[in-house]
Amino acid sequence: LCLGSVLLLVLSTPLITGAFSDHAAAFSAAMLGLLLLQAVCSYDVCLSGVIALLRFRFDQYSMLFLALCAVVADAFFAVAEGRTPFCTVAGILLLLALWGRDLLYDARRRSLRAISNMDEPVAAIREEKAWHGYDCIFRAPGDAEQFAVQLEMPDAGSRIMRVWAPVMTAVTLALSVLTSLRTGEHFLWAWSAMLLASFPAGILIAYAKPFSALARRLYRAGAAIAGWQGARILSGEAGLIVEDADLFPPQNVTLNGMKIYSDRSVSQIIGFANAVVQTAGSGLAPLFEEIMHNQNGRHYGVDTFRRYEGGGLGAEIRGDVILMGSLGFMKLMRVHMPEGARVKQAVYLSVNGELAAVFALSYAPATNVKACLQALARCTGLTPILATRDFMITPQFLKHRYKLSPDRIEFPTVEERARLSSPDAVQEPRQGALLARTGFSCFSMAVAGARAARSAAIAAIAVTYAASVMGLLVLFFLTFIGSTLAVSAWNLLLYTVLWLIPELLLSLIHISEPTRRTP
């Protein structure tokens, strides 16, 4: 129907098809009929505007409905006077309203379907001032009911429209009266033109389009953003908590070999190592648990435990003093190192100051982790914070394994890393997204996507309100001087469509770039 109205407008323009301009009145009547048919087909949009108006919540749909009524009323006079009405422009706005609602409902449907498949959803949450007064984004148990409430909350553009729409409607009404008294032109002609030009058409899809694109992508990954509220929570200056398994999943850390230097039994040495690693909660725990199983290691309890800044752990087990860490840590603690025992990528264990065992490890980089880290690096204001408990993982180690610059990676002290990676770090969480899996890929994709969608929406909102102000000023000037040729349906249509192009481009750039390499 909208395309048909555009075709009729083209045929009724003398500069384009002069031969058909003799039937301008018939074309105008046909455009009015198509607009009325469009209004019937999009009754839910009109009904939303009326309901909001009755509830004294004058929003974008109320303003659109009022503009539609003004255009229809003016069209009857236009047909009689032989001029082209603004029906096609109003039809474009109705089309955008339907498209925006369809995108929004589709995004909500996909988001709700995604969380309905989650037995125990994990949430991407924001904790204020979690580290040195810096907000941090963690993973914590999620709340599906809270997610559903957040999903229905209006976006920033819709909230602004609750003020913008009534103010702009009143301003255009006053200016139309002034113009009518000044030029003697029909009041409805000036008012409908100003309403259409000042209506922020892009607001109908500014949030819905990026949100729909993001919801579709996250649905395939098993995640969902809690609407505008969730995207706002995950945006802004914040640190992203990165743990051991995020950088090197358990299956990527393997044992290349081990050598025992102590006269103690192998089962006892391995038991010591496993007890220290398990107490530390290190990412090496699954590997040493497997070694325990394969080598019939003994189970020990740790009497005292300590973390060292030098890259190691200390414990006391049944009177024996255990040190476990990297080669540099052993040198720092002045542990005697026999010839041939110096392996860079290995875990060293000493008992009572004497080297007891060397475990040579292999850390295989994960392709999806590198892509996720690169995507996060493109997010302005987001800083990865290493909350790792594996003493082998440092910014320099990441630079070597993942070829990433450590400049934008924060590496807190050992005690702070342990605190940030514990459940106690989350006290007053604000939920931004739900994740079906706790993996780093799903987590980083949700955070980066939420920030990109919000940036796209904010940019689009800024563009559409700039177009609204400019349209009001231009149309007031043209109607005030009585320029009926300049204030035409064709010019208004071009103005509306041309201002939609940068908005659509902004949406595509912001959504595709930050997440294009993230699996």
Side-chain angles (χ1 to χ4, degrees), residues 1-3 5-6 38-39 41-42 44-46 48-49 52 59-65 67-68 88-111 151-162 164-165 168 195-219 225 227-232 449-471 492-513:
L1 293 175
C2 193
L3 288 175
S5 183
V6 172
Q38 280 183 272
C41 292
S42 55
D44 52 339
V45 173
C46 301
S48 296
D59 60 5
Q60 63 268 34
Y61 297 114
S62 301
M63 187 177 180
L64 177 58
F65 177 73
L68 178 63
T88 304
V89 184
I92 291 287
L93 296 182
L94 281 176
L95 178 63
L96 286 174
L98 282 176
W99 186 28
R101 288 167 73 92
D102 180 66
L103 290 173
L104 187 60
Y105 291 162
D106 179 69
R108 289 176 177 173
R109 178 180 61 85
R110 289 181 186 274
S111 299
L151 198 63
E152 296 292 333
M153 292 182 178
D155 61 284
S158 298
R159 289 199 298 268
I160 295 173
M161 278 301 293
R162 292 178 181 176
W164 187 274
M168 193 60 69
L195 272 176
L196 293 175
S198 63
F199 184 84
I203 205 67
L204 299 169
I205 59 171
Y207 162 66
K209 192 174 190 310
F211 180 40
S212 176
L214 176 62
R216 188 180 303 109
R217 183 178 289 108
L218 292 183
Y219 176 74
I225 297 296
W228 176 265
Q229 179 73 4
R232 187 181 66 82
R451 298 169 71 91
R454 185 169 180 266
S455 298
I458 289 175
I461 290 170
V463 168
T464 193
Y465 280 119
S468 175
V469 173
M470 191 176 298
L492 268 179
L493 177 64
L494 287 178
Y495 182 84
T496 302
V497 172
L498 288 176
W499 272 103
L500 287 173
I501 294 176
E503 181 173 333
L504 296 174
L505 291 177
L506 283 170
S507 176
L508 290 174
I509 293 173
H510 280 78
I511 288 298
S512 61
E513 181 62 21

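Closest of all the heavy-atom pairs between I225 and A231 is CG2-N, 3.9 Å. In terms of heavy-atom proximity, Y465 sits nearest to G157 at OH-O, 3.2 Å.
Legend: residues meeting ring-ring contact (aromatic ring centres under 6.0 Å, His included) with Y207, ordered by chain and number and at least two apart, are F211, W228. A search for salt bridge (charged side-chain N to carboxylate O under 4.0 Å, His left out) contacts involving R159 returns nothing, not counting sequence neighbours. Partners of R162 under the side-chain hydrogen bond (donor to acceptor under 3.5 Å, both in side chains) rule, at least two apart in sequence or in another chain, do not exist in this structure. Q60 pairs by the side-chain hydrogen bond (donor to acceptor under 3.5 Å, both in side chains) definition with S158, not counting sequence neighbours. Under the side chain to side chain contact (heavy atoms under 4.5 Å, CB included) criterion, A165 pairs with F58, M63, M161, sequence neighbours left out. Every residue meeting the side-chain hydrogen bond (donor to acceptor under 3.5 Å, both in side chains) condition with S468, not counting sequence neighbours, appears here in chain and number order: W164. In this structure, the side chain to side chain contact (heavy atoms under 4.5 Å, CB included) partners of L498, at least two apart in sequence or on a different chain, are I501. Listed by chain and residue number, M31, L34, T88 satisfy the side chain to side chain contact (heavy atoms under 4.5 Å, CB included) test with S5 (two or more places apart in sequence, or in another chain). Under the side chain to side chain contact (heavy atoms under 4.5 Å, CB included) criterion, L95 pairs with C2, sequence neighbours left out. By the side-chain hydrogen bond (donor to acceptor under 3.5 Å, both in side chains) test, Y219 pairs with R113, sequence neighbours left out.
Counting only residues at least two apart or in different chains, salt bridge (Lys or Arg N to Asp or Glu O under 4.0 Å) contacts with residues 89-102 comprise D44-R101.
Within 6.0 Å of the CG atom in L494, the count of heavy atoms belonging to other residues, nucleotides or ligands exceeds 12.
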